[in-house]
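Some notes on the structure that comes next.
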Amino acid sequence: MASLPSFAVNATLHKLDPDARKLSPTSLPIEKSLAYQRSPPIPESSSEILARERSPLRPENSSDVLPQPLDVQEAIDILREGNRVESVLYVPLLQQCIDNRTLPDAEILHAHIIKTGTREDLFVSTSLVNVYMKCGATGHARKLFDKLPHRNIVTWTALITGYVHNSRPDCAVEVFIQLLESGVYPTNYTLGAVLSACCALYSIEIGEQVHGYMIKYGIESNTSMGNSLCSLYSKCGSLESAVKAFQRIPDKNVISWTTVISACGDQGDTELGLRLFIEMLSENVEPNEYTLTSALSLCCMVQDLSLGKQVHSFCIKFGCEFNVPVKNAIMYLYLKCGEINEARRLFDEMETVSLITWNAMIAGHAQMMNSAKDDVTAYHSGTEALRMFLKLNRSGMKPDLFSFSSILSICSGLVALEQGEQIHAQTIKSGFLSDVVVSSALVNMYNKCGCIEKATKAFVEMSRRTMISWTSMITGYSQHGRSREAIQLFEDMRLSGSRPNQVTFVGVLSACSHGGMVDKAEYYFNMMKNEYGIEPVMDHYACMVDMFVRLGRLEDAFAFVKKMHFEPNEIIWSILIAGCRSHGNMELGFYAAERLLELKPRGIETYVLLLNMYISAERWHDVSRVRKLMKDEKIGNMRDRSWISIKDKIYYFRADDRTHTQSAEMYEFLESLLEKAKGLGYVPYKSVEISDDEDEEKKFGSTIHHSERLAIIFGLINMAEDASIRVVKNITMCRDCHSAVKFFSLLTKREIIVRDSKRLHKFIDGQCSCGDFGALL
DNA sequence: CGCTCATAAT
């Protein structure tokens, strides 16, 4: 602290203003005390007097000034020698302890204060409470407070504020209640502090009561208090109340506007947020860097780049473009809107890269990976994010919960188990695993990598579970074909009081479908509507149809489709067609195919399914009809891609890929495995070729090797003998590969996991967890 | 002379 006055003052000060101390707030009528305003100019403060005392006319240390302590150390020395210090000096001495956070000095002073009986003095005792609180010694402060012979509202307030600053809002509220019970009137200071406590507690109930006191004492319409209230309601999740509180502020300032705009962002009402931002501009309130950052974030949420660019120009106009949060928000906007090169340029230009910058970059790539239309983009976004995370670690900054949850989601998408496990270790070391979002992301990562046991362990060890964590684990069990566990977990979830959503029910119904549990499926299907008021959507019907198809009950499946109150989509018809092909009911299959073609589907997988069905039935006329349709509809060639993650690298394969250095070895191994498989009864399916080459005609026969085979072979050659093989494939596996890989798992005694665009296949000892029925091509 | 207040980016 720069200019603390020295205390070359003595008892004369006391005489100058003998009554000053009697003007404590409690002696004033409450309304007057509550009239909130900046402190009026202090009549003549000690510092002014001190400044005069220290003027050149009265140089320090001149012989006629008695030696008085200038700072705490000197005061302590004087006390040690058995001398006394004027009681009036204790407050500024304690203030020094507050500024320097020197608890030991304060304790020495405290001891002397008790000895001399100065504790009776309300100023001194309040300062003591304050000093303990500022030094983090909440227990000391409380003990002292309880022993005080006298307290006034300022002492109470010091205690409450202290608890708020020491992250004990619960204690703050408790003390506030004791205060009310003891009949003392709170002041604006007190209520402001309690409001902060409510904010920290996310307690709308107590917040509303404090709001009541504020109305009673007429400080609700104060701008700062109104802003606080608005922020409190927003934090507690009530946007409606937040907006009301905002509207009740008579003199709205830029903070009021920013608070309400960011509240809209936090609560997801982007439309209202943007409307308020425009309203603010039209009322000629100048936005600051906070407002603009919030506005950018809103544009980001609606992915409106053109509006975002306008806000970007506002940033330049108002001179905020170099503000770090603003720059981060601009970068994130371009990233989220898919302008990856522009985002990258902004990123490279930044001279200060904060953790949030890294996190934004990683989260942006995670989102691009998940929403990518094509697998190449997904793959590149994922690997780029992994690189970023590596750089973040090397930069010396410590990843936080945002970094971890994003990067774990990247590992899920890439099925990068080894990287995921390393990050798991890092979350333990850093303590962020205790965060519910991070631990949920971890459960999800293990599930998506096919490690159901590790996922279960991570799930069991969670200290808290949300709807998302439950749903993730239920879906995990379901995808692994562990129907009973999935359903048991769903019942546990209901008992825990967590409310399932649409996605949860997709997990439950697909578990029933997988296990062929018709009665349970119908029971949960009805429960969803009747007990939870969730209307079934296409995915739910797909589960039910899938179930009947698996059981070979094609008529029941069709009957269920007819019950739907909306038109079946591509997925539903595809499931029916795949089922008809499997169970040899071709008449229904042809009917479904006609309905499917009426929808003019865009996805190549759908056409491959149809072609395969007609080829199986040797309906060559229909084969050429579909081929022609594909040409007319400009359906491009199939792009068959797979990848495998080994150590910190990800290897990418196309169908019939021969570009890898180990190609010769790979093909040799592949052919030998296929030969052995044929010896064990493997019969290649006659399917349509899925050609990767741009101009090559699709042809029959099995000369082309699909990408997942190559990725699996690459893994078998390059990974440890006992390691599981994990492969990601961009489209649905075909029957031929599915059958071949079953034999591979038997022949090599390896666990092979293939995650395709529809489901997870876990091959062990010649069996697949999908139950051999999938909407396989 | 002691207690106090609000806004942003992942």
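Letters A, B, ... mirror the listed sequences (proteins, then strands); counts begin at 1.
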Legend entry - Passing candidate, ring pair (Phe, Tyr, Trp, His ring centres under 6.0 Å) with A:W257, options A:Y290, A:F277, A:F246: A:F246

Inset, instruction - Determine yes or no for a side-chain-to-main-chain donor-acceptor pair under 3.5 angstrom, with A:S262 supplying the side chain and A:T259 the backbone. - result: yes

Inset, instruction - Determine: side-chain N/O of A:N130 to OP1/OP2 of B:dC3, distance under 4.0 Å, yes or no. - result: yes

Inset, instruction - Please list, by residue number, the residues of residues 338-370 of chain A whose heavy atoms come closer than 4.0 Å to an atom of DNA chain B; answer none if no residue qualifies. - result: A:I356, A:N359, A:A363

Inset, instruction - Give a yes or no answer on whether the side chain of A:S409 reaches the backbone of A:S405 with a donor-acceptor pair at less than 3.5 Å. - result: no

Legend entry - Side-chain donor or acceptor of A:N130 paired with backbone N/O of A:T126 under 3.5 Å: no

Inset, instruction - Tell me whether A:Y189 is stacked on the nucleobase of B:dT4, counting only the six-membered base ring and applying the 5.5 Å and 30° thresholds. - result: no

Inset, instruction - Ignoring backbone atoms, establish whether A:H150 has a side-chain N or O less than 4.0 Å from OP1 or OP2 of B:dG2. - result: no

Legend entry - Basic-acidic side-chain contact under 4.0 Å: A:E240, A:K244: yes

Inset, instruction - Check the distance between B:dA8's C1' and A:K235's NZ and give it to me in whole angstrom. - result: 12 Å

Inset, instruction - Answer yes or no: is there an ion pair linking A:E384 with A:R344, defined by an N-O contact shorter than 4.0 Å? - result: yes

Legend entry - Residue-phosphate contact under 4.0 Å: A:S406 side-chain N/O, B:dT10 OP1/OP2: no

Legend entry - Sugar-phosphate only, base, or nothing, as touched by A:Y332 at under 4.0 Å among non-hydrogen atoms: sugar-phosphate

Legend entry - Short side-chain N/O contact to B:dT7 OP1/OP2 from A:S262, under 4.0 Å: no

